[in-house]
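Worksheet: one structure, shown below.
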Amino acid sequence: VQARDGILQEYVLILDVNCSQCAVRKDSIFKNAVGDQLNCAKRYRHSQLTFPARSTVYEENEHNHYIYTLYSGWGAVYKTSNNTGSRQILRFLLPGDLTGYQGSTDDIMPHSVSTVTNAVFCVYPREKVKPMLLENPEIAVRFIEMWSRDLSLCQNHLMAVGRKKALESITFLLLELFHRARQQIPDSYEAEENAIDFPLTQQDIGDAVGMTKIHVNRVMKSLTNDGLICYHKKKLAILDEEKLRDIAGFSPAMLEASSPQ
(Lines give C-alpha, C1' and ligand atoms only; values in the text may rest on other atoms or scores of the structure.)
Protein backbone atom coordinates (compact mmCIF):
# COMPACT_ATOMS: atom_id res chain seq x y z
CA VAL A 1 0.00 0.00 0.00
CA GLN A 2 1.40 3.41 -0.95
CA ALA A 3 1.53 6.57 1.15
CA ARG A 4 -1.70 8.53 0.98
CA ASP A 5 -3.20 11.40 3.00
CA GLY A 6 0.04 11.82 4.93
CA ILE A 7 -0.10 8.33 6.41
CA LEU A 8 2.91 6.19 5.62
CA GLN A 9 1.71 2.63 5.11
CA GLU A 10 4.74 0.43 4.68
CA TYR A 11 5.43 -1.89 1.79
CA VAL A 12 7.90 -3.93 3.80
CA LEU A 13 9.80 -3.17 6.99
CA ILE A 14 13.25 -4.63 6.40
CA LEU A 15 16.12 -5.57 8.68
CA ASP A 16 17.37 -2.54 10.61
CA VAL A 17 20.76 -1.24 9.43
CA ASN A 18 23.35 0.06 11.87
CA CYS A 19 24.07 3.67 10.84
CA SER A 20 27.76 3.37 11.74
CA GLN A 21 28.10 0.54 9.21
CA CYS A 22 25.90 2.06 6.51
CA ALA A 23 27.36 1.59 3.03
CA VAL A 24 25.83 4.83 1.69
CA ARG A 25 26.64 7.11 4.65
CA LYS A 26 29.57 8.70 2.76
CA ASP A 27 27.10 10.13 0.23
CA SER A 28 24.28 11.02 2.63
CA ILE A 29 23.54 13.86 5.03
CA PHE A 30 25.33 11.82 7.72
CA LYS A 31 28.68 11.82 5.89
CA ASN A 32 30.39 13.90 8.60
CA ALA A 33 28.52 12.37 11.53
CA VAL A 34 30.53 10.55 14.20
CA GLY A 35 29.90 8.88 17.53
CA ASP A 36 26.69 10.03 19.18
CA GLN A 37 25.59 11.77 15.99
CA LEU A 38 25.18 8.37 14.34
CA ASN A 39 23.05 7.25 17.26
CA CYS A 40 21.05 10.43 16.69
CA ALA A 41 20.50 9.48 13.06
CA LYS A 42 19.13 6.11 14.04
CA ARG A 43 17.04 7.59 16.85
CA TYR A 44 15.28 10.02 14.54
CA ARG A 45 14.70 7.48 11.78
CA HIS A 46 11.16 6.14 11.49
CA SER A 47 11.93 2.99 9.53
CA GLN A 48 13.47 1.53 6.42
CA LEU A 49 11.00 0.75 3.64
CA THR A 50 11.23 -1.15 0.39
CA PHE A 51 9.36 -0.12 -2.75
CA PRO A 52 9.07 -2.20 -5.93
CA ALA A 53 10.32 -0.88 -9.26
CA ARG A 54 8.15 1.72 -10.99
CA SER A 55 6.08 2.49 -7.90
CA THR A 56 5.13 5.83 -6.34
CA VAL A 57 6.79 6.93 -3.11
CA TYR A 58 4.77 10.14 -2.84
CA GLU A 59 2.83 12.31 -5.28
CA GLU A 60 2.71 15.96 -6.21
CA ASN A 61 0.03 18.02 -4.42
CA GLU A 62 -0.41 15.37 -1.71
CA HIS A 63 0.44 15.66 1.96
CA ASN A 64 3.68 14.02 2.96
CA HIS A 65 4.99 14.02 6.53
CA TYR A 66 8.34 12.34 5.85
CA ILE A 67 11.70 12.88 4.19
CA TYR A 68 13.60 10.04 2.56
CA THR A 69 17.21 9.03 2.06
CA LEU A 70 17.63 6.48 -0.70
CA TYR A 71 19.49 3.49 0.70
CA SER A 72 19.57 1.34 -2.44
CA GLY A 73 18.25 1.44 -5.99
CA TRP A 74 17.37 4.29 -8.36
CA GLY A 75 14.53 6.82 -8.14
CA ALA A 76 13.20 9.86 -10.00
CA VAL A 77 11.92 13.25 -8.86
CA TYR A 78 9.43 14.69 -11.35
CA LYS A 79 6.53 17.01 -12.06
CA THR A 80 3.50 16.23 -14.20
CA SER A 81 1.97 18.64 -16.73
CA ASN A 82 -1.61 19.61 -15.91
CA ASN A 83 -2.42 19.95 -19.60
CA THR A 84 -0.88 16.85 -21.14
CA GLY A 85 -0.14 14.57 -18.20
CA SER A 86 3.44 14.24 -19.43
CA ARG A 87 6.26 13.82 -16.95
CA GLN A 88 9.29 16.11 -16.58
CA ILE A 89 12.03 14.46 -14.52
CA LEU A 90 13.87 17.03 -12.42
CA ARG A 91 16.62 14.73 -11.17
CA PHE A 92 17.40 11.09 -10.58
CA LEU A 93 17.96 9.70 -7.09
CA LEU A 94 20.90 7.43 -6.30
CA PRO A 95 21.88 5.88 -2.94
CA GLY A 96 22.59 8.56 -0.35
CA ASP A 97 20.37 11.17 -2.01
CA LEU A 98 17.71 12.97 -0.04
CA THR A 99 14.17 13.87 -1.08
CA GLY A 100 10.91 15.06 0.42
CA TYR A 101 12.17 18.00 2.47
CA GLN A 102 10.24 21.28 2.36
CA GLY A 103 11.63 24.47 3.83
CA SER A 104 8.14 25.71 4.68
CA THR A 105 5.75 24.20 7.20
CA ASP A 106 3.42 23.23 4.35
CA ASP A 107 3.63 19.48 3.83
CA ILE A 108 2.00 19.50 0.37
CA MET A 109 4.63 18.29 -2.05
CA PRO A 110 5.48 20.31 -5.21
CA HIS A 111 6.74 17.21 -7.02
CA SER A 112 6.40 13.43 -7.13
CA VAL A 113 8.92 10.67 -6.50
CA SER A 114 8.84 7.20 -8.00
CA THR A 115 11.27 4.31 -8.10
CA VAL A 116 13.12 3.24 -11.24
CA THR A 117 14.30 -0.05 -9.73
CA ASN A 118 13.44 -1.90 -6.55
CA ALA A 119 14.48 0.56 -3.88
CA VAL A 120 14.96 0.92 -0.13
CA PHE A 121 14.50 4.26 1.66
CA CYS A 122 15.40 5.39 5.15
CA VAL A 123 12.40 7.40 6.32
CA TYR A 124 12.44 10.34 8.77
CA PRO A 125 9.40 12.18 10.16
CA ARG A 126 9.56 15.77 8.96
CA GLU A 127 8.88 17.24 12.37
CA LYS A 128 12.05 15.61 13.68
CA VAL A 129 14.37 16.95 10.99
CA LYS A 130 14.69 20.49 12.35
CA PRO A 131 15.59 19.34 15.90
CA MET A 132 18.14 16.91 14.43
CA LEU A 133 19.79 19.70 12.41
CA LEU A 134 19.80 22.12 15.35
CA GLU A 135 21.44 19.53 17.59
CA ASN A 136 24.05 18.51 15.01
CA PRO A 137 25.64 21.38 13.04
CA GLU A 138 27.86 19.00 11.05
CA ILE A 139 24.76 17.24 9.72
CA ALA A 140 23.13 20.63 9.01
CA VAL A 141 26.15 21.77 6.96
CA ARG A 142 26.11 18.57 4.94
CA PHE A 143 22.36 18.99 4.43
CA ILE A 144 22.96 22.43 2.88
CA GLU A 145 25.82 21.09 0.74
CA MET A 146 23.64 18.39 -0.74
CA TRP A 147 20.74 20.71 -1.52
CA SER A 148 23.19 23.16 -3.12
CA ARG A 149 24.44 20.40 -5.40
CA ASP A 150 20.92 19.26 -6.26
CA LEU A 151 19.89 22.83 -7.08
CA SER A 152 22.90 23.15 -9.38
CA LEU A 153 21.97 19.90 -11.16
CA CYS A 154 18.38 21.06 -11.64
CA GLN A 155 19.65 24.36 -13.08
CA ASN A 156 21.86 22.49 -15.54
CA HIS A 157 18.92 20.31 -16.55
CA LEU A 158 16.76 23.40 -17.05
CA MET A 159 19.41 24.87 -19.34
CA ALA A 160 19.57 21.58 -21.23
CA VAL A 161 15.81 21.48 -21.79
CA GLY A 162 15.56 25.14 -22.78
CA ARG A 163 18.74 25.95 -24.69
CA LYS A 164 20.92 22.96 -25.51
CA LYS A 165 20.70 20.71 -28.54
CA ALA A 166 19.55 17.11 -28.13
CA LEU A 167 23.07 15.69 -28.42
CA GLU A 168 24.44 18.06 -25.79
CA SER A 169 21.56 17.48 -23.36
CA ILE A 170 21.63 13.70 -23.50
CA THR A 171 25.41 13.52 -23.34
CA PHE A 172 25.42 15.76 -20.26
CA LEU A 173 22.84 13.53 -18.54
CA LEU A 174 24.76 10.35 -19.36
CA LEU A 175 28.03 11.75 -17.98
CA GLU A 176 26.33 13.11 -14.87
CA LEU A 177 24.73 9.76 -14.06
CA PHE A 178 27.87 7.81 -14.94
CA HIS A 179 29.99 9.80 -12.48
CA ARG A 180 27.33 9.83 -9.78
CA ALA A 181 26.72 6.08 -10.06
CA ARG A 182 30.43 5.31 -10.00
CA GLN A 183 30.69 7.31 -6.76
CA GLN A 184 27.43 6.35 -5.08
CA ILE A 185 27.04 2.75 -6.29
CA PRO A 186 30.66 1.53 -6.57
CA ASP A 187 29.58 -2.11 -6.75
CA SER A 188 27.81 -1.37 -10.04
CA TYR A 189 30.97 -0.03 -11.72
CA GLU A 190 33.01 -2.30 -13.98
CA ALA A 191 36.48 -0.78 -14.35
CA GLU A 192 37.59 -2.97 -17.24
CA GLU A 193 34.63 -1.88 -19.37
CA ASN A 194 34.35 1.58 -17.75
CA ALA A 195 30.66 0.77 -17.38
CA ILE A 196 27.87 1.14 -14.84
CA ASP A 197 24.54 -0.57 -14.33
CA PHE A 198 22.07 1.72 -16.10
CA PRO A 199 18.40 0.84 -15.52
CA LEU A 200 16.92 3.88 -17.29
CA THR A 201 14.75 3.39 -20.35
CA GLN A 202 14.87 5.73 -23.32
CA GLN A 203 11.53 7.07 -22.10
CA ASP A 204 13.16 7.96 -18.75
CA ILE A 205 15.94 9.79 -20.56
CA GLY A 206 13.41 11.59 -22.75
CA ASP A 207 11.39 12.68 -19.71
CA ALA A 208 14.57 14.13 -18.18
CA VAL A 209 15.70 16.11 -21.26
CA GLY A 210 12.29 17.03 -22.68
CA MET A 211 12.41 14.87 -25.80
CA THR A 212 10.46 12.03 -27.33
CA LYS A 213 11.64 8.45 -27.01
CA ILE A 214 12.21 8.37 -30.79
CA HIS A 215 14.49 11.40 -30.61
CA VAL A 216 16.43 9.89 -27.70
CA ASN A 217 16.84 6.66 -29.67
CA ARG A 218 18.39 8.54 -32.59
CA VAL A 219 20.89 10.33 -30.36
CA MET A 220 21.84 7.16 -28.46
CA LYS A 221 22.40 5.33 -31.75
CA SER A 222 24.55 8.19 -33.00
CA LEU A 223 26.71 8.15 -29.86
CA THR A 224 27.03 4.38 -30.16
CA ASN A 225 27.88 4.41 -33.87
CA ASP A 226 30.53 7.08 -33.25
CA GLY A 227 32.21 4.82 -30.69
CA LEU A 228 31.56 7.16 -27.76
CA ILE A 229 29.31 4.93 -25.64
CA CYS A 230 28.00 1.40 -25.44
CA TYR A 231 24.40 1.19 -24.23
CA HIS A 232 23.17 -2.39 -24.04
CA LYS A 233 21.26 -4.66 -21.65
CA LYS A 234 20.94 -2.06 -18.87
CA LYS A 235 24.64 -1.23 -18.99
CA LEU A 236 26.26 2.07 -19.99
CA ALA A 237 29.93 2.12 -20.95
CA ILE A 238 31.76 5.40 -21.53
CA LEU A 239 34.25 4.79 -24.35
CA ASP A 240 35.56 8.30 -25.09
CA GLU A 241 34.93 10.52 -22.09
CA GLU A 242 37.09 13.40 -23.30
CA LYS A 243 35.06 13.83 -26.46
CA LEU A 244 31.79 13.39 -24.59
CA ARG A 245 32.80 16.13 -22.14
CA ASP A 246 33.53 18.47 -25.04
CA ILE A 247 30.11 17.78 -26.54
CA ALA A 248 28.23 18.25 -23.26
CA GLY A 249 30.26 21.01 -21.65
CA PHE A 250 30.48 18.75 -18.61
CA SER A 251 32.97 18.59 -15.74
CA PRO A 252 32.83 16.18 -12.78
CA ALA A 253 33.42 19.22 -10.54
CA MET A 254 29.81 20.18 -11.23
CA LEU A 255 28.76 17.24 -9.05
CA GLU A 256 30.70 18.27 -5.96
CA ALA A 257 28.59 19.45 -3.07
CA SER A 258 29.42 23.10 -2.41
CA SER A 259 30.07 24.14 1.16
CA PRO A 260 28.11 27.16 2.36
CA GLN A 261 30.15 30.35 2.65
Side-chain angles (χ1 to χ4, degrees), residues 22-28 31 50-54 69-78 89-99 113-121 146 149-150 152-154 156-157 160 166-209 211 213 216-257:
C22 177
V24 304
R25 182 162 64 90
K26 63 181 177 57
D27 297 305
S28 75
K31 175 181 179 180
T50 64
F51 292 82
R54 305 290 169 179
T69 292
L70 184 56
Y71 179 75
S72 66
W74 288 55
V77 179
Y78 64 94
I89 292 178
L90 306 176
R91 63 188 176 99
F92 290 101
L93 299 172
L94 299 183
D97 288 342
L98 185 73
T99 188
V113 167
S114 64
T115 58
V116 176
T117 65
N118 294 340
V120 179
F121 287 86
M146 292 182 67
R149 183 207 66 177
D150 292 342
S152 177
L153 288 176
C154 285
N156 276 298
H157 292 167
L167 179 63
E168 296 170 342
S169 299
I170 291 174
T171 302
F172 188 99
L173 180 66
L174 296 181
L175 285 174
E176 174 209 318
L177 293 173
F178 174 79
H179 279 274
R180 287 177 60 201
R182 193 168 66 173
Q183 163 68 25
Q184 295 176 237
I185 323 174
D187 290 346
S188 79
Y189 176 63
E190 298 177 6
E192 185 175 345
E193 304 293 334
N194 200 33
I196 59 167
D197 292 337
F198 195 74
L200 302 186
T201 65
Q202 292 187 0
Q203 184 65 60
D204 294 329
I205 296 171
D207 289 347
V209 297
M211 299 172 196
K213 183 169 63 173
V216 171
N217 182 262
R218 291 194 190 116
V219 173
M220 296 295 282
K221 281 186 176 179
S222 175
L223 291 170
T224 300
N225 293 337
D226 289 343
L228 303 179
I229 68 168
C230 181
Y231 173 60
H232 185 59
K233 292 185 177 180
K234 297 187 177 181
K235 294 280 186 180
L236 172 68
I238 300 298
L239 305 181
D240 190 339
E241 183 167 345
E242 184 176 354
K243 190 167 183 179
L244 290 170
R245 286 193 193 186
D246 288 342
I247 293 171
F250 174 85
S251 168
M254 295 175 175
L255 304 180
E256 295 177 3

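In this text the structure is predicted, and so the values were computed from the model without any measurement. Heavy atoms only: backbone and side chains are in, while hydrogens, waters and symmetry mates are out.
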Would you check, one step at a time, whether the test side chain to side chain contact (heavy atoms under 4.5 Å, CB included) holds for Phe51 with Val113? CA-CA 11 Å; Phe51 292 82; Val113 167; over 6 Å; no
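- Atom CG of Leu70 and atom OG of Ser28 lie 11.0 Å apart (nearest 0.5 Å).
- The main-chain N or O of Gly73 is never found under 3.5 Å from a side-chain atom of Thr117 such that the two would form a donor-acceptor pair.
- The shortest side-chain heavy-atom distance between Leu244 and Leu174 does not fall under the 4.5 Å cut-off.
- Within the model, atoms OG of Ser114 and CD1 of Ile89 stand 7.0 Å from one another, a figure rounded to the nearest 0.5 Å.
- Listed by chain and number, the residues in a ring pair (Phe, Tyr, Trp, His ring centres under 6.0 Å) with Phe178 amount to none (sequence neighbours excluded).
- Sorted by first and then second residue, the salt bridge (Lys or Arg N to Asp or Glu O under 4.0 Å) pairs with a member in residues 222-234 form an empty list; sequence neighbours excluded.
- The heavy-atom pair separating Arg149 from Leu255 by the smallest distance is CD-O, 3.1 Å.
- Taking all atoms of both residues into account, the shortest heavy-atom contact from Leu175 to Ala248 is CD1-CB, 4.3 Å.
- Nearest heavy atoms, Val209 versus Ser169: CG1-O, 4.0 Å.
- Here the side chains of Asn194 and Arg182 are in contact, with some heavy-atom distance below 4.5 Å.
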Using the rule given for side chain to side chain contact (heavy atoms under 4.5 Å, CB included), can you reason through Arg91 versus Thr99, listing the C-alpha separation, both sets of side-chain angles and the distance that settles it, and then say yes or no? CA-CA 10 Å; Arg91 63 188 176 99; Thr99 188; 4.1 Å; yes
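- A donor-acceptor contact shorter than 3.5 Å links the side chain of Thr224 to the backbone of Met220.
- Looking only at side-chain heavy atoms (C-beta outward), Leu200 and Tyr231 stay at 4.5 Å or farther from each other.
- Remark: Asp197 pairs with Lys235 by the side-chain hydrogen bond (donor to acceptor under 3.5 Å, both in side chains) rule, at least two apart or across chains.
- In terms of heavy atoms, Leu93 sits closest to Leu98 at CD2-O, 4.2 Å.
- Residues passing the side-chain contact (heavy atoms from CB on, under 4.5 Å) test with Leu167, sequence neighbours excluded: Thr171, Val219, Leu223, Ile247.
- To the nearest 0.5 Å, atoms OH (Tyr78) and CG (Asp207) are separated by 10.0 Å.
- With hydrogens and angles disregarded, a donor-acceptor distance shorter than 3.5 Å links the side chain of Asp97 to the backbone of Leu94.
- Under the side-chain hydrogen bond (donor to acceptor under 3.5 Å, both in side chains) criterion, Arg54 pairs with Asp204, not counting sequence neighbours.
- Shown here is Lys26, whose NZ atom has more than 12 heavy atoms of other residues, nucleotides or ligands within 6.0 Å.
- Contact record, Ile170 with Met211: CD1-SD, 4.0 Å, taken as the closest heavy-atom pair.
- Listed for the Gln184 side chain is a donor-acceptor partner under 3.5 Å among the backbone atoms of Pro95.
- Under the side-chain hydrogen bond (donor to acceptor under 3.5 Å, both in side chains) criterion, Glu241 pairs with His179, Arg245, sequence neighbours left out.
- Rounding to the nearest 0.5 Å places CD of Gln183 at 11.0 Å from CZ of Arg180.
- A side-chain donor-acceptor contact under 3.5 Å links Asn118 to the backbone of Ala53.
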